Amino acid sequence: MAPVRSGSFQTCIGRRALAPLSLPSDRVSDVPEAWQALAASRWLPLLLLGLGTCSSAVHAHAPLVAFAAMSGVMLKPRRAVVVALLIWLVNQAIGFGIRGYPLSGMAFTWGSLMGVGTLLVVSLASIRPPFSRSSMTGHALWCVIALVGGFVLYQGLISLAYPVILDGHFMGLDVVASVFRKQAVWAGGMALGHGLLMRLQMARRLA
């Protein structure tokens, strides 16, 4: 029997101790890969656009903050901006073309402000800080932050413009709370659906 060298034995033990750290399955998280797979799909932007169109048909004022925030969370920045602005454009087309909004400077000004607010919200949501990419908990937390922060940005823009562009509407706290509830319901539904799709993606990769 050949003698076992001390150096070789220590090297072997060291390799065995380090082996678990280098296993392919021992990754920090599968969340980034699942998010990338969904963000790169062709149907997710179309799904968001379809839902946004339906919301414009249901509500006179579509939940633009919810769709802008969730587009920024779910899609890459360029796609997110395009989808959010298309939803805003569809909402304006339905408003002026079907609901009979007046073709006045005031109406066009408010529509433009809504477009700017939508762009601000989707830009904020598209930041996606590192913690939101590393785990499902971080992802869910960023959904909440993007919605609340986006609503504050959007509503803040409206509040700044309101004293200058008076049109007879009054935005009291009860009205703002009602608007936020509508945004939260739509955003919550989209976030839950996206979270389920991400988990299905992760389960598929492990299968």
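Keep in mind that what you see is a predicted model, and the values were worked out from it rather than measured. Atom set for the values below is all heavy atoms of this structure, side chains included, hydrogens, waters and symmetry mates excluded. In what follows, residues are counted from 1 in the order of the sequence shown.
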(request) Please round to the nearest 0.5 Å and tell me the distance separating atom CD of Q183 and atom CG of L64. (result) 7.0 Å
(message) Which heavy atom of S126 sits nearest to which heavy atom of A80, and what is that distance?
(response) OG-CB, 3.9 Å
(message) Grouping I, L, V, M, F, W and Y whenever their side-chain heavy atoms are under 4.5 Å apart, do F180 and V65 come out in a common cluster?
(response) yes
(message) Could you walk me through whether F108 and L103 satisfy the side chain to side chain contact (heavy atoms under 4.5 Å, CB included) test, starting with their C-alpha distance in whole Å, then the side-chain angles of each, then the deciding distance to 0.1 Å, before giving a yes or no?
(response) CA-CA 7 Å; F108 286 124; L103 301 177; 4.0 Å; yes
(request) Kindly indicate whether a cation-pi arrangement holds for R133 with W142, taking the cut-offs as under 6.0 Å to the six-membered ring centre and within 45° of the axis. (result) no
(request) Grab the two heavy atoms, one from A125 and one from A146, that are nearest each other, plus how far apart they are. (result) CB-CB, 3.9 Å
(request) Can you measure from CG (L192) to CG (L197) and round to the nearest 0.5 angstrom? (result) 11.0 Å
(request) Flag the pair V179 / F151 as yes when at least one side-chain heavy-atom distance between them is below 4.5 Å, and no otherwise. (result) yes
(request) Spell out, as yes or no, whether a donor-acceptor pair under 3.5 Å connects the side chain of S41 to the backbone of L38. (result) yes
(message) Looking at every non-hydrogen atom in both residues, tell me the closest pair between S71 and A84 and how far apart they are.
(response) OG-N, 4.4 Å
(request) Determine, step by step, whether M202 and W35 satisfy the side chain to side chain contact (heavy atoms under 4.5 Å, CB included) criterion, reporting the C-alpha distance in whole Å, the side-chain angles of both residues, the deciding distance to 0.1 Å, and the verdict. (result) CA-CA 9 Å; M202 289 186 284; W35 184 92; over 6 Å; no
(message) Looking at S132 and P129, would you say the former's side chain and the latter's main chain have a donor-acceptor pair under 3.5 Å?
(response) yes
(message) Are V83 and L85 linked, directly or through intermediate hydrophobic residues, by side-chain heavy-atom contacts shorter than 4.5 Å (ILVMFWY only)?
(response) no
(request) Indicate yes or no for a side-chain donor-acceptor contact from S178 to the backbone of V175 under 3.5 Å, with no hydrogens or angles considered. (result) no
(message) With side-chain contact (heavy atoms from CB on, under 4.5 Å) as the test, pick out the partner of L119 among V121, V122, V116.
(response) V122
(request) Locate the shortest heavy-atom distance separating C143 from V73; write the atom from each residue and the value. (result) SG-CG1, 3.6 Å
(request) Give the minimum heavy-atom separation between G150 and L124, together with the two atoms involved. (result) N-CD2, 3.6 Å
(message) Can you tell me how far apart CG (L113) and OG1 (T118) are? Round to the nearest 0.5 Å.
(response) 10.5 Å
(message) So for atom CZ, which belongs to R199, do other residues, nucleotides or ligands contribute more than 12 heavy atoms lying within a distance under 6.0 Å?
(response) no
(message) Hydrophobic cluster membership, with links at side-chain heavy-atom distances under 4.5 Å among I/L/V/M/F/W/Y: are M70 and L49 in one?
(response) yes
(message) Please report the interatomic distance CZ(R79) to CE(M74), rounded to the nearest 0.5 Å.
(response) 14.0 Å
(message) Distance check, rounded to the nearest 0.5 Å: F96 atom CZ versus Y101 atom OH?
(response) 8.0 Å
(message) Could you measure the distance from the CD atom of E33 to the CE atom of M198? Nearest 0.5 Å is fine.
(response) 11.0 Å
(message) A quick test of your reading: do over 12 heavy atoms of other residues, nucleotides or ligands sit less than 6.0 Å from NE2 of H61?
(response) no
(message) Would the distance check show the side chain of W110 and the main-chain N or O of G105 forming a donor-acceptor pair, the cut-off being under 3.5 Å?
(response) no
(request) Determine the minimum heavy-atom distance between G111 and Q92, stating which atoms define it. (result) CA-OE1, 3.4 Å
(message) One pair to check against side chain to side chain contact (heavy atoms under 4.5 Å, CB included): N91 and M114. What are the steps and the verdict?
(response) CA-CA 10 Å; N91 177 250; M114 292 165 64; 3.8 Å; yes
(message) Count I, L, V, M, F, W, Y as connected when their side-chain heavy atoms are under 4.5 Å apart, and connections chain through other members. Are L153 and W88 then in the same cluster?
(response) yes
(request) Evaluate the side chain to side chain contact (heavy atoms under 4.5 Å, CB included) criterion for residues W186 and R181: first the C-alpha distance (whole Å), next the side-chain angles of each, then the deciding distance (0.1 Å), finally the verdict. (result) CA-CA 9 Å; W186 279 89; R181 282 195 296 271; over 6 Å; no
(request) Treating Ile, Leu, Val, Met, Phe, Trp and Tyr as nodes and any side-chain heavy-atom pair under 4.5 angstrom as an edge, say whether V144 and L120 lie in one connected cluster. (result) yes
